[in-house]
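Accompanying notes for the structure given below.
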Amino acid sequence: MNIVYTDNNATTRVAPEVLEEMLPYLSEYYGNPSSMHSFGGNVGRKITEARAKVADLINADPDEIVFTSCGTESDNAAIHAALEVNPQKRHIITSNVEHPAVKNTLERLQKKGYTVTFAPVDTGGRLDTDLVYKNMSEDTALVTLMWANNETGVIFPIKEVAKKANERGIIFHTDAVQAVGKIPIDVKDSGVDMLSLSGHKIHAPKGVAALYVKKGLKFSSFMTGGHQEKGRRGGTENTASIIGLGKACELAKGHFWEMDKRVRQMRDYLERQLLEKIPSSSINGEIKNRLPNTLSIGFDAVEGESILLLMDQAGICASSGSACTSGSLDPSHVLMAMKVPFESAHGTIRFSLSIYNTLEEMDHIVTVLPQVIKRLRDMSPFWKNQN
Amino acid sequence: MWEYTDKVKDHFLNPRNVGVMENPDAIGETGSLSCGDALKLFLKINKNERITDASFMTFGCASAVASSSALTEMIKGITLNDALKITNDDIADYLDGLPKAKMHCSVMGQDALRKAINSYRGIQIMEKPGNVVCECFGVTDLEIIEAVKENHLKSAEDVTCYLKAGGGCGNCLERIEEIVEAAKAEA
């Protein structure tokens, strides 16, 4: 059975060009980039090249890029650094729809005595920026906001909030893991102090990511160790993956047009068709200001896991807005924060596309999903037969 | 899907006895939309108190559908007294086991069955005894204690898997942990 992979906000396939670039560094070129000999030094040179490519994608300087192991590490490192260099400040501002990498890290800090303001969003997933501004104070060490939401794709006004934070002398970090590679990002224009990005969301392998740290910003390393990354992140470099990340960033820069046109058109087509063919379905998040690849759609009176498993029978990979697993039986905190009714929140599915998807694949989903929803509604005690 | 047994998959993909029953002798309902799963169980009962037919309507995940399907197969042809002896573990066993995080689906089956039988026998179900601990799912301290003792639960996480209690906002998790510790000491 052919797989239709529409779960690219979870992870992406490694681009063939990326793999090709990496392979020699998993076999014959195994030197340590820190070594004095040229065998290692040649690997170091490739890392320098990769750093420049990552920097280029977000208009940073190569020196401003710190390689890490994952988006979560980048987020943790940013939060850690902001608090370490401002030990007297005990307040952090964020939103209530952040990824667990930020959300859970800040909740832990709350228990350690920090004050955290979780700014709410409205039903469209839009941030209450006024509340963010009102809560900025002398005691605020950090404002951390995601650039785009992983579940709905809704984009936050990062430039606007970063500017206000800068004016108040507050460090501004953005978790841009879902935004980088999908929409153009310019760190200089947006004025952010730190930015997290992750390799496996942009067709590089899992286990490699980066943190942008603005030149001149005081930094304190999260992972203490050797002199790697100019002392900002200890540990021998994940050389092949870093080289892969560089290649992926180079490719992403060439794909913005395709993302914005072809991928967006496919997403919009899928959205229109599903809304038309499936009654009592609705989109989560404001329609206009979204990532071009993400579709969060809720179906009344059915449950997400069941939908996913029936779609799985037809080879379709997506994810659900409800996490019916231990410790988290409610629909996602993102949908709850947006006050999506339970009726559709439990039946929310997220489709996230990539440049590797085709219109034929969208048609496959459009053929399969109405049958899946009907089948589940036929056994749902909450579905009112509308005929 | 990868963590479900073949039996669960089979009962999810080919559920037995789905549908609204015409003129049922008893109905048992449990769960709600906000909880994320719900079961409506229909029974036909003859004058000897034997279940002659059963059907269900379920909203929920694969294990909720499979548990409902399994339950209807298990109770067809048996007496109400025997049906009352069926526990959530029996339902899980019939399916060759459920992932721990999904045990509450089998609890839902047992609950709907008891409600159906009680309503048939005209037994008024009183307000749940005890004090509500988990506001999200309306679970009381006595229910938690009973589940801990019956199923040998060891932690608040176990309680969430069986009763959902603590699986919403999570504010009551510390209280649940206390109750579990006390109940374990008693058992």
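The chains referred to below are lettered A, B, ... by the order of the sequence lines, with proteins before strands, and numbering in each begins at 1.
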task = Could you tell me the separation between the CG atom of B:L13 and the OG atom of A:S306, rounded to the nearest 0.5 Å?
result = 10.0 Å
message = Looking at B:K184, I want to see if its NZ is surrounded by more than 12 non-hydrogen atoms of other residues, nucleotides or ligands under 6.0 Å.
response = yes
ask   = Minimum heavy-atom separation for A:A301 to B:F59, with atom names?
value = O-CD1, 3.3 Å
task = Using a cut-off of 6.0 Å, state whether more than 12 heavy atoms not belonging to A:E107 lie near its atom CD.
result = yes
ask   = Which atom names give the shortest non-hydrogen contact between B:A38 and A:P381, and what distance separates them?
value = O-CG, 4.3 Å
task = Determine yes or no for a side-chain-to-main-chain donor-acceptor pair under 3.5 angstrom, with A:E303 supplying the side chain and B:G36 the backbone.
result = no
ask   = B:S32 versus chain A, heavy atoms under 4.5 Å apart: side chain, backbone, both or neither?
value = backbone
task = Measure the spacing between OH of B:Y4 and CD of A:E305 and express it to the nearest 0.5 Å.
result = 3.5 Å
note = Nearest heavy-atom contact between A:D378 and B:M57 is O-CE, 3.4 Å
inquiry  = Taking side chain as everything from C-beta outward and backbone as N, CA, C, O, which of these in B:P99 sits under 4.5 Å from a heavy atom of chain A? Side chain, backbone, both or neither.
reply    = neither
task = Answer yes or no: are there more than 12 heavy-atom neighbours, outside A:K339 itself, under 6.0 Å from its atom NZ?
result = no
ask   = Taking atom CG of B:N48 as the centre, does the number of heavy atoms from other residues, nucleotides or ligands within less than 6.0 Å exceed 12?
value = yes
note = With chain B, the option among A:I307, A:L310, A:L376 that has the most non-hydrogen atom pairs under 4.5 Å is A:L310
remark   = Closest non-hydrogen atoms of A:M379 and B:V65, given as atom of the first, atom of the second and distance, are SD-CG1, 3.8 Å
ask   = Above 12 or not: heavy atoms from other molecules or residues under 6.0 Å from NZ of B:K149?
value = yes
query = Of all of B:G60, B:G31, B:P15, which one pairs up most often with chain A through heavy atoms under 4.5 Å apart?
reply = B:G60
